[in-house]
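Lettering follows sequence order; numbering is per chain, from 1.
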Amino acid sequence: AQKVTQAQTEISVVEKEDVTLDCVYETRDTTYYLFWYKQPPSGELVFLIRRNSFDEQNEISGRYSWNFQKSTSSFNFTITASQVVDSAVYFCALSEANTGRRALTFGSGTRLQVQP
Amino acid sequence: GAVVSQHPSRVICKSGTSVKIECRSLDFQATTMFWYRQFPKQSLMLMATSNEGSKATYEQGVEKDKFLINHASLTLSTLTVTSAHPEDSSFYICSAPSNTEAFFGQGTRLTVV
């Protein structure tokens, strides 16, 4: 069975602070995908990143960066110099790759509030 | 532009009535689509897998007779909430996977009064 844990329910920071959202996952699969999504108040899911289990390189995209460590089963997400527009709920998710069952298992989400 | 289109985005219905939600993949054919439900301040939970040309598969605890899924074509899946009750009020969102990504619809916020 798959499981994704986002231990931080809510984080509040002041604008321009850096913030890291934690994600720990469990899976028996050797091949899998990890995702991060942003969900603003409108509800739609905004895709941020997809990473496959064989690619442990860290990724940076503007103010966003991701740290994938298979040794600790973690896929953490850092926002540098946070802005008010970053306020949203962020979900980490996992899907299988081998079986073709590509439904996502979501973590419980982390609500980020960035104060001006 | 949107790759997966979901309609309606918001619907209010009376208890006992049925509501249909459509999910269309716009740029690719999807033999499989997924339906998720999200209660307020909770995570997204997979309800069912919609399979083109065959019956949907439902997750444990999801009533298949209440949540009817029809995958009529390679680009359209519908979810019908039958005999809706206030506890069915939730955010429903569909997803169509491609080889590289899981594309999500905009979601439907259902309120049953």
Might you point out which heavy atoms bring [X] and [Y] nearest each other, and give the distance in Å?
X: A:D29; Y: A:T27; answer: N-OG1, 3.1 Å
X: B:Y58; Y: B:A48; answer: CD2-CB, 3.7 Å
X: A:V114; Y: A:D86; answer: CG2-CB, 4.2 Å
X: B:G107; Y: B:Q6; answer: N-OE1, 3.2 Å

Do B:S5 and B:H7 have a side chain donor and acceptor closer than 3.5 Å? yes

Counting only non-hydrogen atoms closer than 4.5 Å, can you tell me which residues of residues 69-94 of chain B sit against chain A? B:F91, B:I93

Under 4.5 Å from any heavy atom of chain A - which part of B:Q38: side chain

Atom group of A:Q39 that falls short of 4.5 Å from chain B, counting heavy atoms: side chain

Below 4.5 Å from any heavy atom of chain B, which atoms of A:S42 appear? Answer side chain, backbone, both or neither. backbone

A:F106 and A:Y37 aromatic ring geometry - parallel, tilted or perpendicular at 30°/60° bounds: tilted

Would you say the side chain of B:T32 lies within less than 4.5 Å of the side chain of B:S50, judging by non-hydrogen atoms? no

